[in-house]
Structure formats: structure tokens, C-alpha cells
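Report on one structure; see the data block that follows.
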Amino acid sequence: MALVVCCALSAFAQRRERVVDTWRPLHYDVKLVFDQQLSQLEQASTEITGLILKDNIEAIDLDFGALEIDSVVTENRQAGFERKPGEVLTVSLGRPTRVGDRFNITITYHGRPKDGLIFANDRDGKPSATGDNWPNRVHHWIPCLDHPSAKATATFTVVAPPRESVVANGKFMYMTRNGAAHSVWRFEETKPIPAYCMVVAVSEGARLDATEPTVTPLSYYVPRRDRVYAPKGFSPAAPALAFFSTTIAPYPYEKLALIVGATRFGGMENSSAIVFSNTLFDLRRNEKLSRRFGVPDRIESVVAHEIAHQWFGDSVTESTWADLWLSEGFATYFAGLFIEKYDGRDAFREYMRGAAERYFNYEKQQNTPLHDTETQDLMKLLNENNYEKGAWVLHMLRRRLGDDAFFRGLRAYYNAHRDGNATTEDLRKALEKSSEKPLGEFFARWVYQSGHPVYEMASKVSKLGGRGREVTILLKQTQQGAAFLDPVPVEITSGREKRWIIIQPKGKEETSKIRVRSGAMSIRVDPDQTLLKEVVIRQQAN
Ligand SMILES: [Zn+2]
């Protein structure tokens, strides 16, 4: 298998990941008390309920940043703990454990996290606090197992000054006002979510409820200056929720809050509480507008992208960072499908062409497989491989398998891994089952190896007896690495005659012959863009 070869060659450079091994978190009960100035956590506590996965585990390694710890308690007793390099907090359980045992650890702490929970003035100049955790920054404010394989449910109790409004993952349970001093807010997320999707957002901005019909309660939390534009800016949200619900499965969470706030990304897909960049609604000059929604294409695609993540990334989460394309490639492609449905086929083709161009530019600098087990800096995985090439791999699978088998396979994949984790192999198997076609070769070349086909095409016309001619087509692949064995559609126009052939490469050079009647001739490789490829046409010899 190609996969084995690739791992063997590069074993020394494998990225080590903090995957679930000896224990897994089941639930985080997070309590945060903000100070009056909204400048730090006056007090905080997280109770972790976990499950033991191996016998005789004596201590639990948590990820936790530099905040000062006030106490660590397990089973109602003070627990021994040690802070280790690499932001690890080891807590002694103080008893023998067996597989299947549950444990509780409560850590009480305070201070201003150096990352993950961002304290910043919002666009109205008012203080705000916003969680922003991708890929593994949540442990700066919530002690946890900070890896996407460790999904857990979570509850948040937030004490904040009464002028603030608070939103977090999950269902809003209550808000009580305690005199003029503070308010207490509680949210409960009953679905297991990835650690990087745990969020709390505190601000003095405006809260608006969507007025159109929606599949889940939908509201917007924006700085006051954005309150007039927000309903229009977020107008693609309700149709995106409806479209993905019918295309994949019902919306996975209890509500959806769309927040404009502090994130270092264009948008961050926290489960049921998406945070968009502060500049989302800053309209730029000469921006191209969506025909359907009248908002810049940029806003439409990022809103659809982050909403698609609620299914792919949040509900079905990548098992390792090498599987990140199952999150980013899906969100990128589903934003494209949304554009295809609402703005039409031409807009979709343009979207996919733009994606291909960005990937080609990236690939000139950086040649790594989509399933990337080596890149050490996780931020560098936010690249055109995981987004644009990932989207194109899905597009090619759709074209190859047909809409029916493709979407049936995706629904089966989603339902099998909903609220859990999935690997690239899980996706391959689901699509093989729905299409009854083997996809090992496709995944080996497109996903586990790097690059894309660069076709160089030359053709020669020879006269046959009578008026017929024969066109010989030589299709070479000049990219580094192995050949792509995907069928290549070629369109030959000769006079008024249009012929199609499908070249089925068996290696890096393939010769095909086709008869045409006569006349001047033009040849196009894959004019319907079923493949992520570059094409060089050599001078045609007549
Ligand atoms: Zn994304």
C-alpha cells in the first residue's frame, strides 16, 4: 500500500499527537467568574469527568497553561499534582484504577490566560472576552485533553457584570441577575464536541434573533455598529442551515449563535456558537456581490463554510490532525455546493476554479500530501492542501461516483461518526460502499501522496484511405511522483464534428487513437473540469 511506503520513508519526521490513549474526557463543567473590568478571570473552575481506558492508571495528564492554580480536588479530596514542561498538569488519582472506571477532577484557578480566551476591546471600544482555541489553545483557560480525538460534553456557568451579554456552546438554560453586581449565565452542550470548539463570548454588543424561519434557533451577537447590517450580512445563514440539513442530516446542535468578535481567523466554527472576525462586515470597495443575497461573495462563502463545519469538523471530527481535510476540505466544498445551489452553476465553477488556482500556487512552494503526518506547526496545516485541494478531492469523487452514490456515501459517513471522530479511511470505506467502486488507488494517489497531474498533450493527424483521418493523442504526465490513473476526458473538435474520448492512463504516458472525418482540429483536455489538473498543449503536428 502506498500509505505504508509513505510512512516508512518518513518515520523519523512523524508528528507526535496528543491522541486519546489512557483516559478520555466525558464532560467538562466550566465555571468562569469575570472581573468588573472584563480583564481577567477573577476565579474559575473546571470539573473534568473522565473514563479510564487502561488498567492501573495512577495519574491523569491534563493539558493546562500557565494560570495560577488554587486547588486540585479528586473524589472530594485534595489531590497531588505536578506542573510539567509542555503545559502538562499531572494529577494523581490516589487509588488503583481499572478500565471503565470513572473519575472526577476539579481544578480551581484564576488569572488572565495568555491565549485561548482573548480579552480585547470590541469594535465599539467596549471590553469583551472571546474564546478562540484552534488548534490546541483551549488549555490556556480550560484544563482538558487538548486534542480533537477527545470529544466531550460541556456546561458553562459564567458570572459577568450585568451590562454584558454572554453566549457559549449549547442550550441557553438561564440567566439570573444578582443585584447590580453581576449576572449568572448557564449553557449546556449535551453533544460531545472537540476541545478546540469550546467557547464563551462575553460582550456589550447587540443580540438579534433571526426573523426568517430556521431549522434551529438562530441569533446574532454583533458590536452595536454592526446591528443594522447584521440581518442582511447573515442572510445566507438560514438557507445554509436548511440546505445542509436536507443534504446531509438534521442540524446537530441545540441552537446557532453567529458572533462577530475576537478571532485570529476569518471565522471559527465553534459548535453552535461561531465567531467571525471583527472585520466581517467591513465592506470593501468593488467587492463582487452574491446575486442571490446581495452581500459580498466573501461573506456568503465564509458564513456557509463555518455553518458546514457544524456537521463536518464539529459533529464528525477529524481523528488526527492528518485528517484535517475531513473538516476544512468539507467546509470549503460545502460552501461551494451552497453557492452552486443559490448562485448557480457558473458561480460554482468560478469558485472551484479559484480554489484550484490558489492550490496550484501553494503547491509550487510546498509539496506535501493532503494527509499530512509530518508538518509540526499545526497552524501551517491551515493551507491550500486542506482547504482547496480537500474540496477538489471531494468534487472529483462526486464526479466519479455520481451525485446519488456520492451524497448517499457522505450521509452514511456522517451518520456513522456523528458526535464522534472519523479518519480518511472511514470516508473511503463509506464511499466505496455507497458506490460499489474500489477507491484505494484514488485515495493512495490523491490523498496519501502529494501533487496533482500536469498533463502534456501532443497530437498527430494521419490521413487514412478515403477522406478519414486518424488522430493520435499522446498524453504525458510531467508531475513529480507516480502517475494519476484517473480517466481523462478529451474533446476533439474537427470541423463541425465533436468527438469525445476517455483516456484511461496506465502509466505516465498513454497513447490513444481516434478517427475523425476531416478539417481543422482543436483538442481540449477535461473541459468540464472533473479533475484538479494543469494542462500543457504541445504544438499539434499535422
Ligand atoms: Zn474552516
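Just follow the structure's listing: the first ligand is 1, and inside any ligand the first atom is 1. Just so it is clear, the values below take in all heavy atoms, side chains as well, and ignore hydrogens, waters and symmetry mates.
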Among residues at least two apart in sequence or on other chains, which ones pass side chain to side chain contact (heavy atoms under 4.5 Å, CB included) with E357?
F360
What do you reckon, are the aromatic ring centroids of [X] and [Y] less than 6.0 Å apart?
| X | Y | value |
| --- | --- | --- |
| W321 | Y196 | yes |
| F338 | F293 | yes |
| Y109 | W141 | no |
| F234 | F281 | yes |
| Y387 | W325 | no |

At a cut-off of 2.8 Å, list the protein N/O/S atoms near the Zn ion (ligand 1), residue plus atom name.
H305 NE2, H309 NE2, E328 OE1
